[in-house]
There are 2 protein chains.
Amino acid sequence: MQTDSALARELRHHYLFCALTDAQQARLLATATARRLAAGEPLFSHGDAAAQFFLLRSGCVKLYRLSPEGDEKVMRLIRPAQTFAESILFMDAPRYPVSGEAVEAAELVAFDRGTFLGILQESFATCQAVMAQMTRRIQAHWDEIETLALQNSRYRVVHYLLGLVPSDARGRFTVTLPTRKVVIAAHVAVTPETLSRTLRSLTDEGLIEVAGDEVTVSDVDRLRRHMH
Amino acid sequence: MQTDSALARELRHHYLFCALTDAQQARLLATATARRLAAGEPLFSHGDAAAQFFLLRSGCVKLYRLSPEGDEKVMRLIRPAQTFAESILFMDAPRYPVSGEAVEAAELVAFDRGTFLGILQESFATCQAVMAQMTRRIQAHWDEIETLALQNSRYRVVHYLLGLVPSDARGRFTVTLPTRKVVIAAHVAVTPETLSRTLRSLTDEGLIEVAGDEVTVSDVDRLRRHMH
DNA sequence: CGCCGCCCTTGACGGCCATCAAGGCGCACA
DNA sequence: TGTGCGCCTTGATGGCCGTCAAGGGCGGCG
């Protein structure tokens with residue numbers, strides 16, 4: 001991968017890479033590759049042998065699984081500056097545990113597993129960063145499992161909307177849905193029809209206003225309390 | 001904690017601790033404490049400040065969350081020789097992300113967070129073991145999220161039963177449910193009534209036979225195929 | 001031995017949400 | 001400007017599964 005000082009700077013600000021020495025960063029980039037994906041283009045499939053993990057620089061990628069019947073569950077929506085698929089680093093026989101596909105044109109960097117493992121061995125600080133990151137991921141999973149198991153679809157939609165609102169926001173606040181509603185529906189584990197109906201009923205109750213992919217929460221605190 | 005050669009031997013066979021030197025193991029045990037819990041006794045609550053993680057030596061512990069309405073979801077059932085709550089190691093402000101409670105009388109060892117972090121710093125092999133363990137946990141979470149989002153209750157029950165069957169088992173095979181059915185129901189995210197009805201319909205179809213907490217799968221491969 | 005309590009089972013009922021179907025709207029393209 | 005195609009919305013219907021209620025089995029304890 002050719003040198004790219006903008007990328008080097010991005011890495012310096014990323015929790016996973018900020019503890020690397022210049023030499024380590026250079027080694028990592030020497031075995032990294034840049035990738036561009038068109039909207040809808042697949043990156044890897046569930047079960048594929050894996051030797052790389054990724055940093056998204058622009059665009060949007062979904063990680064998802066399909067049921068045998070073809071129903072899709074979006075496990076995670078990746079936004080720029082996020083890394084994903086790090087967990088293939090520590091598998092004995094590394095295989096992607098989900099499928100990945102661009103939902104809009106995307107630029108990303110693919111890092112080499114072996115190179116990064118070698119760097120980890122030299123850098124406890126980076127080890128810690130990786131483990132902290134995996135811990136956050138696990139926490140998010142607990143939350144999602146709880147939400148899926150204990151809450152209904154209306155709650156999940158509200159929870160998702162509130163997740164788009166900064167935690168310090170108050171009063172009226174407008175968020176932009178990160179992608180098409182059909183993808184969001186697959187993310188909160190409902191059908192597009194149910195998502196549409198839920199947004200309508202929230203609108204009818206005066207809790208939100210919807211205009212295309214812009215959703216305005218009339219009163220953030222009220223919506224937070226509303227999660228009944 | 002007083003020296004306990006049986007425990008020391010157990011640790012030598014545990015993936016998390018087998019790479020420790022004798023001196024490291026001694027340091028770890030010097031700050032560890034033994035705990036005994038009666039059936040139903042709580043160990044920690046969701047949100048508690050956390051300075052220890054645990055190894056279960058005997059009995060059974062459930063990790064769970066409660067919804068505001070009081071509904072319970074069992075996130076994990078811990079069996080002897082398993083560790084849990086390791087993820088508090090890497091949090092900035094460590095708090096247990098779930099509640100833990102003995103479902104039957106249990107003996108466990110509580111390890112000190114700070115001591116273990118110090119040892120990690122010296123031992124990349126143990127770091128790797130921890131990361132590999134977290135990776136397995138994350139995989140299990142993907143599977144559970146997929147199952148909750150895309151599959152119905154019947155599938156989840158069958159999936160749970162098959163999870164109790166060794167992967168190399170064929171033909172007729174009998175498993176023992178690890179705990180009361182009401183806990184298992186909270187684990188597969190159904191009500192006890194639905195679990196009961198599902199087991200009945202599987203029985204009526206000749207797929208399993210139920211006798212108390214013993215479930216005999218008539219034909220393991222047939223049941224595996226059956227998860228349509 | 002008899003009583004009680006807990007766990008599990010079974011039945012009746014209802015609500016949530018998926019499915020099927022149709023129609024509106026915006027956008028690309030001719 | 002007309003046409004076609006996605007995406008989203010809205011309506012009608014039905015099934016899964018949760019809720020409520022009652023009853024049976026079993027172990028603990030007096």
Side-chain angles (χ1 to χ4, degrees), chain A residues 38-40 60 62 66-74 103-105 147-160 176-204 208-215 227-228, chain B residues 38-40 60 62 66-74 103-105 147-160 176-204 208-215 227-228:
Chain A
C60 185
K62 70 176 176 188
L66 295 177
S67 75
E69 293 77 31
D71 297 322
E72 174 180 304
K73 169 69 173 81
V74 172
V103 293
E104 58 189 67
T147 300
L148 283 171
L150 296 176
Q151 306 294 347
N152 59 23
S153 71
R154 180 185 170 98
Y155 179 100
R156 294 202 300 277
V157 171
V158 172
H159 185 80
Y160 179 82
T176 302
L177 300 181
T179 178
R180 286 171 297 136
K181 292 201 176 95
V182 64
V183 177
I184 291 173
H187 198 8
V188 296
V190 299
T191 58
E193 292 95 328
T194 296
L195 174 60
S196 178
R197 279 188 258 263
T198 303
L199 292 177
R200 161 131 306 278
S201 89
L202 291 171
T203 302
D204 291 345
I208 64 172
E209 294 152 40
V210 182
D213 62 353
E214 305 266 303
V215 177
M227 298 218 275
H228 85 226
Chain B
C60 184
K62 70 175 176 188
L66 296 177
S67 75
E69 294 76 30
D71 297 324
E72 175 180 305
K73 170 68 171 79
V74 172
V103 292
E104 59 188 64
T147 300
L148 283 171
L150 295 177
Q151 306 295 345
N152 60 21
S153 72
R154 181 186 171 96
Y155 179 100
R156 294 203 299 277
V157 171
V158 172
H159 186 77
Y160 179 82
T176 303
L177 300 181
T179 179
R180 286 171 296 136
K181 292 202 175 93
V182 64
V183 177
I184 291 174
H187 198 7
V188 296
V190 298
T191 59
E193 294 94 327
T194 296
L195 174 60
S196 179
R197 280 188 258 264
T198 304
L199 292 177
R200 161 131 304 280
S201 89
L202 292 171
T203 302
D204 291 345
I208 63 173
E209 295 151 41
V210 181
D213 63 352
E214 304 266 303
V215 177
M227 299 216 276
H228 87 227

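Residue numbers start from 1 in every chain, and the chains themselves are labelled A, B, ... in the order their sequence lines are given, proteins ahead of strands.
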Can you tell me how far C1' of C:dT9 sits from CD1 of B:I184, to the nearest Å?
15 Å
Rounded distance in Å - CD (B:E69) to C1' (D:dG18):
13 Å
What is the distance, to the nearest angstrom, from the CZ atom on B:R156 to the P atom on D:dC17?
7 Å
Heavy-atom closest pair (B:L66 atom, A:L150 atom, distance to 0.1 Å) is C-CD1, 4.1 Å
B:E104 and B:P178, any side-chain heavy atoms less than 4.5 Å apart
no
Starting at CD of B:Q151 and ending at P of D:dC17, how long is that distance when rounded to a whole Å?
11 Å
Could you tell me whether the side chain of B:L148 reaches within less than 4.5 Å of the side chain of B:R156, counting heavy atoms only?
yes
Hey, does the side chain of A:T191 come within less than 4.0 Å of C:dA18's phosphate (OP1/OP2), counting only N and O?
yes
Would you compute the distance between atom OH of A:Y160 and atom OG1 of A:T198 and round it to the nearest 0.5 angstrom?
14.0 Å
Quick one, B:D71 and B:K73 - any side-chain contact, counting heavy atoms below 4.5 Å?
no
Minimum heavy-atom separation for A:A186 and A:E72, please, with both atom names.
CB-O, 3.6 Å
Please report the distance, rounded to the nearest Å, between CG in B:D213 and P in C:dC8.
10 Å
Protein-to-nucleotide contact annotation, 5' to 3' order, nucleotides 8-15 of chain D [B base; S sugar-phosphate only; - none; under 4.0 Å, heavy atom]:
SSBBB---
